[in-house]
Every structure is written in structure tokens, then in C-alpha cells.
Amino acid sequence: MSPKSPFVALTLFLAALSPGCSGGPRPAVTAAAAAEPEPVAHTYRTIAGRNLPAYVFAPTGTRVRNAAILLFHGGGWFAGDATWVFPAAQRFSDLGLVAIAIEYRLSDEGTTPIDALDDTCAAFAWARSQARELGFDPQRVAGYGVSAGGHLAATAATIGCGNSDGRFGVGGPDALVLWSPAVDVASSGWFERLLQGKALPADYSPVEHLGKLLPPTSIVQGTEDSVTRLAGARRFCTGVQESGELCALEEFPGLGHLLTRNLAHQEDDFDPDPVARAEGWKRQNEFLVRIWGR
């Protein structure tokens, strides 16, 4: 497949993104970073002869205890790997969570986002099966997702995973922490092409499946995002609030996808606002402390 979409060019400049929010490649290792413990790799499932890894970062902080967070990278469903969210995983580990960066199958000639969602659900099931060993409550498992990864985490929370695991009984996350998430893909021609005729985009669009049981949610979003638009985030957040749960939608005026300042070229000349980015991290950390802090 030779993808042609806004997400393609986006992938080409993800290397410019700095730690913790991007879902892009890891930055150069500094002396301080080198002292941080490396994650422990586990295989959370084997499918079609391929082992899919989950990288576990042990908690080093104490502000949020007895909880875990699974992290899903961006890349338009066709690019990237788990290392793209390692900086964010370390940040959540420093807060006190067991942070688990997930590798999922990428879309190609035979694989679609439906398969990535199946991997996402398998990852939540595996993590909960390891809760006692890793030291967290299986009903306090958050999902963190960047862009396309936000779609996977949100879809696991809305459509669900076909089992009764977790606080909300759908097998998905017990809380959502999302960064410029693709929660509205019903009219996306690119997403439709990736589905390869196996489903309609609306079938896997989180905002089309907002029910009565939704997890507390934090969303960071630029108001001028032309890749994953603010309207979808607002609609998702309204659904969460109507279900009776907290939704903290942090809107950053004048910024685009992943909080870029370059609105004319949000997919090929990325310029993240460092002040807004740091504030986004701070607010999402505060959200987790609010819902699960000791």
C-alpha cells in the first residue's frame, strides 16, 4: 500500500516532536535519561506467527498508586511502534502508575485498523491478567492514545472489547487520557480506505457509539486542529459528561494537531508550542491524580 492521506506527511515529521506527548520517535538519550530504568518487554499476544510486545515501566512515583496505563502511539494506523510513546510512559511511571507501551499491528494490504483494535483489546485483557504480578488494581487501567492511538483507546471504551472486564464491563479502559485523538472518523475517506471494505467508518468511530457507561476522560486538543478536529473531541466529551463521568477537555487556542503552531502546514512542518505542551502534560497528570490519586 502507498498511503496518501494527511497522516502520511504527519508521520514524516514526528521525529520533531519532543518527549511525552507526540507518539513520535524517542529523542536522543541524555546522561540523565540513560540513568532511568529500561522497560521490561513482555509478549502480550502471538498472532499469525508474530509476537506483539508490551513494554512495562515500573512506577517510580507515589502520586497515583495501584493503577496502570496502557499507551498507544500515533502514526495514522499504518506507521510507528511502541517506542514512540516511551517518553510518555516514563512520565506516567514517574507519577506512580505502571505504564505499559503497546505494539499493535499496522495497516497494510492485509491488515486494517480493525486488527489494531483487536490487538488493543488483547492488550487490556493481558494487562488485567497480570495485575497482581505487576501490582495494580485491574479496575484502574487507563488508556493513553495519541491521534490514531487515541482512536484505538477510545474505541475500546465505546464499542468495547466483547468481555466484561474492567470497571465499565466492556473490557476497555477505566479512564482515558487522549492527545489530539481521532475520535470522529465517520466521514474520513482515509480511514475508509484503510478498512478495505471490511466495515464502514462509522462502525468504528467512537463518537458514533457513545453510551451510558463511559470512562472519565482527559483530552488535550488544539482549537485549530485540521487533522483530528475539535468538534469531535467536544462531542466525545459531552457524551462522557452525559454518562455521569468527568471529562476534562483542555482546549489550546490557536494551535493545531499535536499543538503545532504552524497552522498552514500541520502535517509537514511541525512546530509544537512548548508552553502549551508542558501545560497539557501538567493537566493530564492532574487529571489522573484527581481520579485515582492517594
Side-chain angles (χ1 to χ4, degrees), residues 5-7 10 23 70 72-77 104 107 112-118 120-121 124 142-162 166-195 198-252 255-259 266 280 283-284 287:
S5 86
F7 293 101
L10 174 62
L70 273 61
F72 301 90
H73 65 82
W77 298 276
Y104 57 86
S107 294
T112 74
I114 300 171
D115 300 298
L117 176 62
D118 189 52
T120 298
C121 288
F124 278 106
Y144 171 84
V146 180
S147 196
H151 166 267
L152 297 176
T155 306
T158 52
I159 295 176
C161 293
R167 176 185 167 199
F168 296 93
V170 298
D174 305 308
L176 283 169
V177 182
L178 307 176
W179 198 282
S180 298
V183 291
D184 185 359
V185 295
S187 60
S188 169
W190 166 245
F191 189 73
E192 183 175 16
R193 288 192 292 276
L194 289 181
L195 289 173
K198 296 180 180 180
L200 296 174
D203 296 339
Y204 288 92
S205 183
V207 295
E208 304 301 328
H209 299 275
L210 297 169
K212 295 181 179 180
L213 294 175
L214 295 170
T217 300
S218 169
I219 303 175
V220 165
Q221 185 79 31
T223 62
E224 307 306 312
D225 193 327
S226 61
V227 180
T228 58
R229 296 184 181 273
L230 176 61
R234 285 178 172 172
R235 183 177 169 190
F236 190 90
C237 206
T238 296
V240 172
Q241 292 168 339
E242 290 177 348
S243 78
E245 291 291 342
L246 169 68
C247 187
L249 175 55
E250 313 294 352
E251 298 183 14
F252 288 87
L255 299 179
H257 193 58
L258 306 181
L259 305 187
Q266 295 191 29
R283 294 186 189 183
Q284 292 200 318
F287 166 81

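On a predicted model such as this, the values are computed, not experimentally measured, just so you know.
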Apply the test salt bridge (Lys or Arg N to Asp or Glu O under 4.0 Å) to residues E251 and R234: give CA-CA distance (whole Å), side-chain angles for both, the deciding distance (0.1 Å), then the verdict. CA-CA 10 Å; E251 298 183 14; R234 285 178 172 172; 2.9 Å; yes

Determine whether Y144 and L70 make a side-chain contact, defined as any pair of heavy atoms from C-beta on separated by less than 4.5 Å. no

Under 3.5 Å, side chain of D184 to main-chain N/O of V207, donor-acceptor pair present? no

Could you go step by step and tell me if V220 and L259 meet the side-chain contact (heavy atoms from CB on, under 4.5 Å) rule? CA-CA 9 Å; V220 165; L259 305 187; 4.0 Å; yes

Spell out, as yes or no, whether a donor-acceptor pair under 3.5 Å connects the side chain of D115 to the backbone of T112. yes

Interatomic spacing from CD in Q221 to CG in L178 - rounded to 0.5 Å: 9.5 Å

How far does CG of L195 sit from CG of L200, to the nearest 0.5 angstrom? 8.5 Å

Determine whether S180 and V227 satisfy the following criterion, side-chain contact (heavy atoms from CB on, under 4.5 Å), listing intermediate values before the conclusion. CA-CA 9 Å; S180 298; V227 180; over 6 Å; no

Can you tell if the side chain of W179 reaches within under 4.5 Å of the side chain of I219, non-hydrogen atoms only? no

Do you know the tightest heavy-atom contact between G150 and P181? CA-CB, 4.0 Å

Looking only at atom types and distance, does a side-chain atom of T217 sit under 3.5 Å from a main-chain N or O of P215, one as donor and one as acceptor? yes

Correct closest heavy-atom pair for G171 and F124 would be O-CB, 3.5 Å

Can you give me the closest heavy-atom contact between A148 and G76, atom names plus distance? CB-N, 3.7 Å

Any chance you could measure T155, atom OG1, to L117, atom CG, to the nearest 0.5 Å? 6.0 Å

Using only atom types and a distance under 3.5 Å, with no angle test, would you say the side chain of H209 pairs donor to acceptor with the backbone of A202? yes

Look up atom SG in C237 and atom CD in E250, then write down how far apart they are to the nearest 0.5 Å. 9.0 Å

What is the minimum heavy-atom distance between P173 and A153, and which atoms define it? CG-O, 3.7 Å

Using ring centroids (six-membered ring only for Trp), state whether H73 and Y104 fall under 6.0 Å. yes

Verify, without hydrogens or angle tests, whether T228 (side chain) and A182 (backbone) share a donor-acceptor contact under 3.5 angstrom. no

Between Q241 and F236, is there a donor-acceptor pair closer than 3.5 Å when you use the side chain of the first and the backbone of the second? no

Salt bridge check, E208 against R235: does any charged N sit closer than 4.0 Å to a carboxylate O? yes

Without swapping roles, check the side chain of H257 against the backbone of S147 for a donor-acceptor pair under 3.5 Å. no

Check the pair F168 / L214 against side-chain contact (heavy atoms from CB on, under 4.5 Å), numbers first and verdict last. CA-CA 7 Å; F168 296 93; L214 295 170; over 6 Å; no

What do you reckon, are the aromatic ring centroids of W77 and F191 less than 6.0 Å apart? yes

Report yes if the side chains of R167 and P216 come closer than 4.5 Å at any heavy-atom pair, otherwise no. yes

Side-chain donor/acceptor of S205 to backbone N/O of V185, under 3.5 Å: yes

Do any N or O atoms from the side chain of Q266 and from the backbone of E224 form a donor-acceptor pair under 3.5 angstrom? yes

Quick one: are E192 and S187 in side-chain contact, heavy atoms under 4.5 Å? no

Please step through side-chain contact (heavy atoms from CB on, under 4.5 Å) for the pair L213 and V170, ending with a clear verdict. CA-CA 9 Å; L213 294 175; V170 298; 5.9 Å; no

Once rounded to the nearest 0.5 Å, what's the spacing between atom CG of L249 and atom OG1 of T238? 8.5 Å

From CD1 (I114) to NZ (K198), nearest 0.5 Å: 7.0 Å

